[in-house]
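I have placed the structure first, in the form of structure tokens, so that the comments after it can refer back to it.
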Amino acid sequence: MSFSTFGFSEPILTAIDEIGFVTPTAIQLAAIPAVLSGKDIIAVAQTGSGKTASFLLPLLERLIDKPKVKANQVRALILTPTRELSIQIGDTLDSLRKNLAMRSQVVYGGVKINPQMMKLRGGTEILVATPGRLLDLFSKNALKFQQLEILVLDEADRMLDMGFSKEIIKILALLPRTRQSLLFSATFSNDIQGLAAGLLKSPVLIDVSPHTSVAPTIQQWAYEVDKEQKAALLIHLIRSKGWGRVLVFTRTQKGADNLVKKLLRTGISAAAIHGDKSQGVRMRTLDEFKAAKIQILIATDIAARGIDIDGLPQVINFDLPKDPQNYIHRIGRTGRAGTEGQGLSLVSADEVELLANIEALTGQTLTREIETGFSPSHKIPLTKLQKSVPKKPRKPKLKKLNSCKIDRI
Ligand code: AMP
């Protein structure tokens with residue numbers, strides 16, 4: 001994949017070539033088409049991911065044929081938390097726009113305001129600014145926003161951490177309501193989601209941060225159980241806990257089919273979705289599960305990709321996945337949009353290693369549980385299951401965006 005596939009104009013492609021970018025990074029692959037299409041985005045990306053070019057390049061392309069703005073007006077505003085970041089973005093911008101007739105300015109506090117006011121007099125197509133200085137310039141009539149079309153908030157989490165939320169609210173009130181807004185943040189905290197809800201319209205969520213954490217609203221347990229007793233324990237749990245809809249993961253298609261048979265035999269409604277079932281059957285099964293016509297849905301990892309079910313309080317790992325990353329994908333089906341969820345794993349002695357890998361990846365130790373009301377011999381040496389040592393817990397990441405509707409990439 002090269003930058004030419006995005007359909008950039010020649011002067012922009014030449015600048016990309018001159019700056020030395022050959023292959024787009026993950027954030028660029030996801031964000032550039034979304035921004036070019038005019039959509040709002042919320043992008044979770046760290047510094048170093050190539051995020052700056054991921055918004056600057058499509059922004060330049062969108063503005064390329066526009067006339068120059070009038071006195072003191074701005075077409076695109078890029079807000080950043082610090083002077084250093086503003087300068088850095090300004091430098092990249094200078095390299096990328098050098099073959100274009102577009103003007104850009106960088107303004108930040110801690111220096112004299114008059115020279116900045118002078119430079120803004122004739123208007124500037126792209127302005128990079130820190131929030132406080134932007135408001136100062138506005139209050140001195142050095143800036144007008146009637147012609148503003150694009151807003152970028154870069155490192156929005158840092159802006160909130162630095163106490164800029166009041167300034168951001170004030171700035172948003174000054175901007176035209178009809179605009180494209182792009183929000184970049186290294187984290188996806190509740191505060192960021194709240195900000196996004198007030199700022200973005202039907203945003204596309206782009207998340208290229210490494211997925212190593214489980215939402216803190218999800219409780220996790222490992223039930224120690226003999227392999228042969230797993231189905232019996234699952235049936236016992238469904239009945240004794242009074243669960244409604246439950247999503248159960250198995251490692252194999254055969255395992256999924258066998259489990260369906262066992263559940264049906266005991267009068268529990270269940271169905272499986274896996275790679276051996278046609279797309280039509282899978283969709284129908286999923287619809288029935290969503291409509292609560294099926295109580296237990298059993299899925300393999302591949303079949304479960306993309307499944308998004310609201311109000312799913314329990315996810316069960318009947319078998320642990322071989323790839324620990326899949327544990328995070330599986331467990332992430334519950335606890336969506338900041339709701340409470342439970343992720344339970346039925347762990348037999350032969351899966352101790354898999355459990356250790358999961359705990360190393362997530363940095364969390366799963367609470368060991370032995371179901372007391374369940375009589376069959378399902379005990380395995382506790383020490384075996386408890387030997388894994390988790391790494392330092394990572395910062396939790398919540399998947400919630402208040403009232404915003406999000407298309408996920
Ligand atoms: P950023 O995450 O925007 O701070 O970018 C981090 C570094 O990656 C900067 O030095 C950019 O010049 C560089 N960079 C951005 N995109 C690319 C790319 N597609 N290929 C190579 N380097 C890149």
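Atoms within each ligand, like the ligands themselves, are counted from 1 in listed order.
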Heavy atom of protein closer than 4.0 angstrom to atom 9 (C) of ligand 1: no
Atom 12 (O) of ligand 1 touched by protein heavy atom at under 4.0 Å: yes
Which residue and non-hydrogen atom of the protein lie closest to [atom], and at what distance in Å?
atom                    : result
atom 6 (C) of ligand 1  : Gly48 CA, 3.6 Å
atom 3 (O) of ligand 1  : Thr52 OG1, 2.6 Å
atom 16 (N) of ligand 1 : Gln28 NE2, 2.8 Å

For Ser49, atoms of ligand 1 separated by under 4.0 Å from a heavy atom: 2 (O)
N-O pairing of Glu125 and Arg97 below 4.0 Å: no
Nearest neighbour of atom 5 (O) of ligand 1 from the list Ala26, Ser2, Gly50, Ala53, on a heavy-atom basis: Gly50
Residue selection (non-hydrogen contact nearest atom 22 (N) of ligand 1) among Phe184, Phe3, Phe21: Phe21
Residue portion contacting ligand 1 (non-hydrogen atoms closer than 4.0 Å) for Thr23: backbone
Considering all heavy atoms, the nearest Pro58-Ala53 contact: CD-O, 3.8 Å
Nearest heavy-atom neighbours spanning Leu183 and Ala196: CD1-CA, 4.1 Å
Full working for side chain to side chain contact (heavy atoms under 4.5 Å, CB included) between Met159 and Ile168: CA-CA 9 Å; Met159 269 195 263; Ile168 292 171; 3.9 Å; yes
Option passing side chain to side chain contact (heavy atoms under 4.5 Å, CB included) with Leu77 (candidates Val128, Ile171, Leu174): Ile171
Donor-acceptor contact below 3.5 Å, side chain Arg62 vs main chain Leu36: yes
Polar contact flag for Gly20 and ligand 1 (N/O pairs, less than 3.5 Å): no
Verdict with supporting geometry, Leu143 and Leu120, side chain to side chain contact (heavy atoms under 4.5 Å, CB included): CA-CA 7 Å; Leu143 277 171; Leu120 292 170; 3.9 Å; yes
